[in-house]
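Just the heavy atoms: all of them, side chains too, but no hydrogens, waters or symmetry mates, feed the values below. All of these numbers come straight from a predicted model, not from anything done at the bench. Note that the numbering runs from 1 along the sequence shown for the chain.
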Amino acid sequence: MLWLPRYGWTVILPVIAFAIIGIFFDERFLLVALMLVFIVIPMLMSFLYTYYMITPEARRTVLRKEVIIDEGESLKLLYLSSENLQDEIKSDSCHNRELLPVGSVKQRVNKTDVSHVPPPEIIPWSDIKFIRYTSRFRVYVTHGPRLMFILVPHSALC
């Protein structure tokens with residue numbers, strides 16, 4: 001959703017051009033437009049997915065974390081191991097807060113944590129471009145050559 005307004009026209013423009021040429025001049029160009037839609041664009045989207053997900057900043061979105069929001073000052077990201085996740089579930093200060101689990105809570109807590117937990121990260125408020133509100137998340141978009149963002153579920157905000 002953040003990438004499309006910025007670069008989406010470069011993907012859609014050739015499809016529209018081949019479709020118009022196919023309608024008015026040669027029907028074979030309609031097949032080229034369909035090949036772009038069903039073959040080239042999905043491959044491009046998979047490339048974009050891996051391009052963004054292999055960055056070190058992707059941990060901001062993927063890993064379980066606690067976000068401390070100091071409006072106007074900074075965002076502090078405290079990454080959680082499975083032990084911290086178990087403590088977080090037991091001492092939930094937002095009573096019945098809905099976490100967005102991949103599996104059930106028991107599955108997440110019982111797994112042993114073999115991954116390395118990154119150190120806490122502080123993002124200055126000046127690094128945040130804008131805040132976008134969706135139906136489920138508050139999205140903090142940060143500066144950088146790649147679109148980097150932090151998703152905070154509305155259910156996590158007390």
Would you kindly say whether Tyr79 and Glu121 are connected by a side-chain donor-acceptor distance under 3.5 Å?
-> yes
Does Val152 reach the side chain of Tyr140, with side-chain heavy atoms less than 4.5 Å apart?
-> yes
Can you tell if the side chain of Ile128 reaches within under 4.5 Å of the side chain of Val141, non-hydrogen atoms only?
-> no
Return the minimal non-hydrogen interatomic distance between Phe149 and Thr142, and the atom names on each side.
-> N-OG1, 4.4 Å
Linking I/L/V/M/F/W/Y whenever their side-chain heavy atoms sit closer than 4.5 Å, directly or via other members, would Trp9 and Ile20 fall into one cluster?
-> no
Positive for side chain to side chain contact (heavy atoms under 4.5 Å, CB included) with Pro14, one of Ile41, Leu36, Val40 | Leu36
Ala33 to Ala19 - nearest heavy-atom pair and separation | CB-N, 3.9 Å
Hey, any chance Met35 and Phe47 share a hydrophobic cluster, counting ILVMFWY side chains that come within less than 4.5 Å of each other, even indirectly?
-> yes
Under a 4.5 Å side-chain heavy-atom rule over Ile, Leu, Val, Met, Phe, Trp and Tyr, are Ile23 and Leu13 clustered together?
-> no
Kindly determine whether Lys76 and Leu78 satisfy side chain to side chain contact (heavy atoms under 4.5 Å, CB included), including the steps that lead there.
-> CA-CA 6 Å; Lys76 185 172 184 179; Leu78 302 170; 3.7 Å; yes
Intermediate values then yes/no, side chain to side chain contact (heavy atoms under 4.5 Å, CB included), Leu75 and Val67 = CA-CA 7 Å; Leu75 292 178; Val67 180; 4.3 Å; yes
Interatomic spacing from CG in Leu44 to CG in Leu48 - rounded to 0.5 Å = 4.5 Å
Answer yes or no: is there a side-chain heavy-atom contact under 4.5 Å between Lys65 and Ile150?
-> yes
Passes side chain to side chain contact (heavy atoms under 4.5 Å, CB included), Trp125 versus Glu71? Steps please.
-> CA-CA 8 Å; Trp125 201 259; Glu71 196 88 19; 3.6 Å; yes
Going only through I, L, V, M, F, W and Y residues with side-chain contacts under 4.5 Å, is there a path from Ile68 to Val139?
-> no
Spacing of NE2 belonging to His143 relative to CZ belonging to Phe130, to within rounding of 0.5 Å = 10.0 Å
Spell out, yes or no, whether Leu77 and Val117 are grouped together once hydrophobic residues are joined by side-chain heavy atoms under 4.5 Å, including indirect joins.
-> yes
What's the spacing between Arg138 CZ and Leu151 CG if we round to 0.5 Å?
-> 12.5 Å
Could you label the plane-to-plane angle of the His154 and Tyr133 rings as parallel, tilted or perpendicular, counting under 30° as parallel and over 60° as perpendicular?
-> parallel
Can Phe24 and Phe29 be said to form a side chain to side chain contact (heavy atoms under 4.5 Å, CB included), step by step?
-> CA-CA 10 Å; Phe24 292 114; Phe29 282 102; over 6 Å; no
So, for Ile123 and Asp127, which heavy atoms are closest and what is the spacing to 0.1 Å?
-> CG2-CB, 4.0 Å
